[in-house]
Amino acid sequence: MCLCEYGHGDTTRTVAKVTHRGLFGHVWLFVSLMVVLLFVSCGKSVIIDEYSIIPQPVEITMDKGGFTLSSSTKCYAGNVGQNDPAIKYISRMLRQWHLNPVLVGKPQTNCLQFIINETFDQELGDEGYSIDIDKDMVKVSANSERGLFYGFQTFVQMLPEDISSVRYSKIVLPACHLKDYPRFGWRGSHLDVSRHFMGVSQVKKHLDLMAMYKMNKFHWHLTDDHGWRIEISKYPLLNDVGSWRVDRDDQPWGEADPPQPGEQRTNGGYYTKEEIKEIVAYAAERYIDIIPEIEIPGHCCAVLESYPELGCLGDDTTYTVQYGPYWPPRAILCAGNDSVMSFLKDIMDEIIPLFPSGYIHIGGDEAVKYNWERCPRCAQRMKSLGLQNYEQLQGWMIVEIEKYVKRQGKNIIGWDEILEGGVSPDATVMSWQGTKGGIVAARKGNDVIMTPTDFCYFNYYQANPDFQPPAMRNTIVTLHKVYGYNPMPVGLNHAQQKHILGAQCNLWTEYINTPEMAEYMLLPRLCAMSEVLWSPESSKDWDSFRHRVASHCIRLESNDYIVGSGSFQPWMSSEKSSDGRLLVTIHWEREGTHVYYHTGDGHFVRYTEPFTVDAGTKVTTLSFYNGILREKAYDFVIK
Ligand code: ACM
Ligand code: ZN
């Protein structure tokens, strides 16, 4: 978004002119300075010349003229009412930015209007909204409060990028008509707080980010080998023991030293029930459901150190809350022990009342069956149930828990391994090992959330590892790659496609040990994911997104978020040129990157426009940003 400032320049020049005028001049200077100070204290003025909205709305038509937002602008909450949660949120944000419109009882000129439609607009649905801006008003309308909330998020993105840190007295918004609604209902973001604990304020900041980008499902990975993160009254050792580990944050994750005898456990923490309630309420204010994840039956070192009797007979491993890589993850809850089932049901009894969302995530991933294969109790359970293999044993355990939570009105979600043991028709499958789990599940009639590692794992590098802080090395998930993701797998018929609820990005935190690093990995890739999930597939346009995301990087930084650098690795496309040679275009992710290239003579020139070469020519590139070399040299052979 470009901002054309006006007002300041002229006033400042007036001051400069009077500085040589004797006593009268000094009085005049003083008066002028006071005027300037008054003006400055009232804020800057700006004309917005371009909207940069992410996710891209379904339809936006620009019109002539515009609306001037100023201190005299009013706000009409109409049929919604001033005490409506969405309106309270909107008023609070506007106040924070010193845009403090007086609430009025009926629509009038110079007014922001937030209206719930009298008759349901089918096209907008439950989450959609429209915005109409003309010289008299900004009108946001929707069928629901949720829709109004999303409309407000779009309205905020029409304001200057630095609205949260700079005081504005006048903002001129170009007239437009906008209609918007989401492509998918599940627009998720996952956060692993087990590998590294994140405090309440950091979680809230994550939720703010989700709200900005109209994401609506927060998958909270609360338990794993590296820590148990939620208060459980009936099993206090989960918190006194299972929530703490030795601190190895000064060592590379892959090289963490084992605990020393008697060493204090200083790394960790957990959320009290009061904190959970506070975060759930904070999320609800932002129309975000929280889905808690309790890992069953694997990824349970924190449980087994706290309550070793929940492990298998014959497993003489001394489990400890993990502090570095743990592979293969052999810790597993005994499926043959009735106390384990009672334990899990007790945990559900404490979890369910805290989370109003309709889902509990029960994990189910990477449960290594090594101990089950050696445990007489597990063997006995299999025999009595007539089960053929250990996958079915896991399936039985999960279905037992599913039946239990269903009695309390909840459905389960599990990672795609839950397909291996016979999944119930009401379970929702999270497809992470590629897309095949999602396809199988949708064909069976199960609901699906897509989160394949290659596109959705934001703990993976976003760029060439040689130029990045340490991260998961599996593959590189660039912003461009995320943007290119289509959550709808190919090969499903219309009825099966309906089971694809949406997708989510995942932030596993092995390598992420500070809030800043979490943001660095999440941003701006979350912007791409939000557009993938919200905007129509037909509106996808990388060049447009790349331009808008540059504006969002400024907006996010001005909101105190750390934004990742992105990838500086260029890529090329070519087409036949009129002279029979090949016309080469160089592409890159980040606006502002300077790419230099040569075609074999070693003489680098800055790329400014497509150029022609013969087929087979080798083109070598270098990428600079802010004057710093950000990538190694790449060679491309043009075909
Ligand atoms: C997973 O990444 N283990 C779900
Ligand atoms: Zn067992």
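Every number for a ligand or one of its atoms is a count from 1 in the order of the listing.
Taking the ring centroids of F218 and W220, they lie under the 6.0 Å cut-off.
The angle C375:SG - the Zn ion (ligand 2) - C334:SG amounts to 110°, with values rounded to 10 degrees.
With respect to atom 3 (N) of ligand 1, the closest heavy atom belonging to the protein is D365 OD2, 2.7 Å. For atom 2 (O) of ligand 1, the closest non-hydrogen atom of the protein is Y457 OH, 2.6 Å.
Residues E531 and R548 are paired through a salt bridge, judged by an N-O separation under 4.0 Å between the basic side chain and the carboxylate. Taking a cutoff of 4.0 Å between a charged side-chain nitrogen and a carboxylate oxygen, E127 and K214 do not qualify as a salt bridge. Remark: R286 engages D208 in a salt bridge, criterion side-chain N to carboxylate O under 4.0 Å.
Annotation: cation-pi pair K481/F455 present, NZ/CZ under 6.0 Å from the ring centroid and within 45° of its normal.
With a 4.0 Å cut-off on non-hydrogen atoms, E366 touches ligand 1 through its side chain and not its backbone.
In summary, the atoms of ligand 1 found under 4.0 Å from a heavy atom of W508, numbered by their order in the structure, are 1 (C), 2 (O), 4 (C).
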